[in-house]
**Q** 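Let me begin by handing over the structure; questions about it come next.
It should be emphasised that the depicted structure is a prediction, and the values quoted were computed from it without experimental measurement. Protein chains get the first letters and strands the later ones, always in sequence-line order, with residue 1 at the start of each.
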Number of protein chains: 2
Amino acid sequence: MTAVGLRERKKAATRQALHEAALRLALEHGPDRITVDAIADEAGVSRRTFSNYFANKEEALFHGDLRRMRALADLVRARPASESPWAALTAAAEEHYAGLGDLDPEWVARGRLVRRHPSLAAAQVQTFATMESELAAEVAARLQGQDPLGVRAKLVAATFMAVLRVSLNVWLEHPAEISYWELARESLAETGRGFT
Amino acid sequence: MTAVGLRERKKAATRQALHEAALRLALEHGPDRITVDAIADEAGVSRRTFSNYFANKEEALFHGDLRRMRALADLVRARPASESPWAALTAAAEEHYAGLGDLDPEWVARGRLVRRHPSLAAAQVQTFATMESELAAEVAARLQGQDPLGVRAKLVAATFMAVLRVSLNVWLEHPAEISYWELARESLAETGRGFT
DNA sequence: AGCAAAGTTGCGCAACAGGCAAGTTTGGGA
DNA sequence: TCCCAAACTTGCCTGTTGCGCAACTTTGCT
């Protein structure tokens, strides 16, 4: 009768625990000075189990971002089908970020971590790329028939994610001068002119 | 007196040899069934030396793409300073791809490899990301003073590379129906409307 | 000719991904 | 309520990797 079984919940909890352990250790010792062993320990699980959940530390570290972005994707899905893809994406982003965006402390912490440790940039890019293809599928659904090769869907998704990524990185360099969402909204508006 | 010393040339040759060895073996056995050892052997060099040139197989595999893209960046640099960044980028791409783009057999081979082995997608994304930041620097030079936070430069570079990447991937799925550059040009035109 | 800088190599080690099989937990019938 | 199959965890193990270090070789400059 539970909406989702115990099994599922336990899995999610373990994944989350691993993620949080990774983040905690990375913040404390620096992301390049931690081992998978240490993360598993910190999460109270065997090293082998870590491998069942994540392919490597970076994936564990950015799991939170992926979750956040999946939440954004859900908002996109919830937008009225009548909206154009780009409109739906920006509207969903507005909902997602405008209110409490900058306030998630974990999100900010991860951001700062990336800023201070350029070696993490690769993993960040990877995370955005993952979401890009998930979003492309959603966009494609809105373009049934109008996009024979599927270029447009992928183009829109890629551009959207690229703008969010660039905005994030710029904001991390100038966090005091502007809010993330202000920056992102403006960038989206400018870049999106091709899709309206 | 030589324009470039023997030292430099030898290094370039070794790097190229490693790259070609990696590509050859990947094509023959599949990219996930080859070891760094094997690549170094094939290139007639020690495993340790491989590490002096590339951080991992993927980097070796995509070295050719990076070279290609750097050539494109050179074309960008050569465009008149009076052109807007986006105009310079697209014009350079036109020069680069329009003529012989699809004809470089290595380039096509790598493309097919990525298409058949999704595990390589990560490395491909990484390669484009690398070029993105190199290009951003070039674009920034054209926006002296007009781009206080540096957003615009990064935005333009990111969008440009995203379009090329998406176009490539779409083209790889439909190579018969259209030429790469036709597809990319159209995508650039559409997406670039925000930057004109 | 000769020396300093750059490049190569072998050795060694900590770390890691992931196959396999034995144990443990969960959930859906009967 | 009980039971079993499927799902999950864990330990063990192997092949691979990235990189520091120190010895050796090659290159370039004078």
**Q** Flag yes if A:Val108 and A:Val166 sit in one hydrophobic cluster, no otherwise; membership is Ile, Leu, Val, Met, Phe, Trp, Tyr, and two members link when side-chain heavy atoms are under 4.5 Å apart.
**A** yes
**Q** Specify the separation, in whole Å, of atom CG of A:Asp41 and atom P of D:dT9.
**A** 16 Å
**Q** When you check the gap from the basic side-chain N to the acidic O, do A:Arg47 and A:Asp41 get nearer than 4.0 Å?
**A** no
**Q** It should be established whether B:Ser46 places a side-chain nitrogen or oxygen under 4.0 Å from OP1 or OP2 of nucleotide C:dT9.
**A** yes
**Q** Taking the side chain of A:Val36 as its heavy atoms from C-beta onward, which of D:dG18, D:dG28, C:dC16 lies nearest to it?
**A** C:dC16
**Q** Tell me: CZ of B:Phe50 to P of C:dG10, nearest whole Å?
**A** 16 Å
**Q** From C:dG27, C:dT8, C:dG10, pick the nucleotide closest to the side chain of B:Tyr53?
**A** C:dT8
**Q** OP1 or OP2 of D:dA7 sitting under 4.0 Å from any side-chain N/O of A:Lys11?
**A** no
**Q** Whole-Å distance between C:dA17 P and A:Arg48 CZ?
**A** 10 Å
**Q** Between A:Asp65 and A:Gln124, is any side-chain donor less than 3.5 angstrom from a side-chain acceptor?
**A** no
**Q** Quick check for you: among D:dT27, C:dG27, C:dT9, whose closest atom lies nearest to any side-chain atom of B:Lys10?
**A** D:dT27
**Q** Please state how far atom CZ in B:Arg33 lies from atom P in C:dG19, giving the value in whole angstrom units.
**A** 13 Å
**Q** Which one, D:dC8, C:dA5, D:dT9, comes nearest to the side chain of B:Arg7?
**A** C:dA5
**Q** Please report, rounded to the nearest Å, how far the C1' atom of D:dT17 is from the CD1 atom of B:Ile34.
**A** 14 Å
**Q** Counting only distance, no hydrogens or angles, is the base of D:dG18 paired donor-acceptor with the side chain of B:Arg47 under 3.5 Å?
**A** yes
**Q** With the 4.5 Å side-chain cut-off for hydrophobic clustering, are B:Met161 and B:Trp181 part of the same group?
**A** yes
**Q** Expected output is a numbered-order residue list: members of residues 54-67 of chain B with a heavy atom under 4.0 Å from any atom of DNA chain D. What is it?
**A** B:Ala55, B:Asn56, B:Lys57
**Q** Counting C-beta onward and ignoring hydrogens, is there a side-chain heavy-atom pair between A:Leu188 and A:Trp86 closer than 4.5 Å?
**A** yes
**Q** Tell me: CZ of B:Arg15 to C1' of C:dA6, nearest whole Å?
**A** 14 Å
**Q** Rounding to a whole Å, what distance do you find between B:Asp37:CG and D:dT17:P?
**A** 7 Å
**Q** Taking any heavy-atom pair under 4.0 Å as a contact, classify B:Thr49: base, sugar-phosphate, or nothing.
**A** base
**Q** What integer distance in Å separates A:Asn52:CG from D:dG11:P?
**A** 12 Å
**Q** Any luck finding a side-chain donor-acceptor pair between B:Thr127 and B:Thr130 under 3.5 Å?
**A** no
**Q** When you check the side-chain N and O atoms of A:Asn52 and A:Arg48, is any donor under 3.5 Å from an acceptor?
**A** yes
